[in-house]
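The block underneath contains the structure these notes are about, expressed in structure tokens.
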Amino acid sequence: MLDADFFRRWMTATADCVDREAERLTALDSPIGDADHGSNLQRGFRAVRDALDKEPPATPGAVLVQAGRLLISTVGGASGPLYGTLLRRTGKALGDAAEVDEGQLAEALRAGVDAVRQLGVRRRATRR
Ligand SMILES: [Mg+2]
């Protein structure tokens, strides 16, 4: 079973990975974007790591909802809403359970992916 600490370590490991790869992400962004993808994600995941270190939420769902909200509020461009929505909606789908199993996580991630897909659908609709 996966508890809140597992999810906190997952987000912390992601933040560490983004720190290591920030320069490469920005270099990849520069030919097609405005060369800020690495620094944007780094700002967001640092905020997530700091918040989770300071006051770790009690449930897996709460960890992901908090991480998602912080990404939405601190990361600019499209990636904040995309990553943030994925985590927030996945967390919401996990509910208040103190522990979840792999099947519940897989189901919740599908809800998160569907929410991201809906963002794309709404975006296409408003461009018409
Ligand atoms: Mg950008």
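No hydrogens, no waters, no symmetry mates; every other heavy atom, side chains included, goes into these values. All residue numbers refer to positions in the sequence shown, counting from 1. Just follow the structure's listing: the first ligand is 1, and inside any ligand the first atom is 1.
No side-chain donor-acceptor contact under 3.5 Å links N40 to the backbone of V75. Looking at D3, its side chain does come within 3.5 Å of a backbone N or O of F6 through a donor-acceptor pair. Here the side chain of S73 pairs a donor or acceptor atom with the backbone of L70 at under 3.5 angstrom.
We find the CD-CZ distance between Q118 and R89 to be 8.5 Å, quoted to the nearest 0.5 Å. Atom CG of D36 and atom OG of S79 lie 7.5 Å apart (nearest 0.5 Å).
Contact of the V113 side chain with the L86 side chain is registered, since non-hydrogen atoms from C-beta on lie closer than 4.5 Å.
Protein contacts to the Mg ion (ligand 1) involving N, O or S atoms at a distance below 2.8 Å are D34 OD1, D36 OD1.
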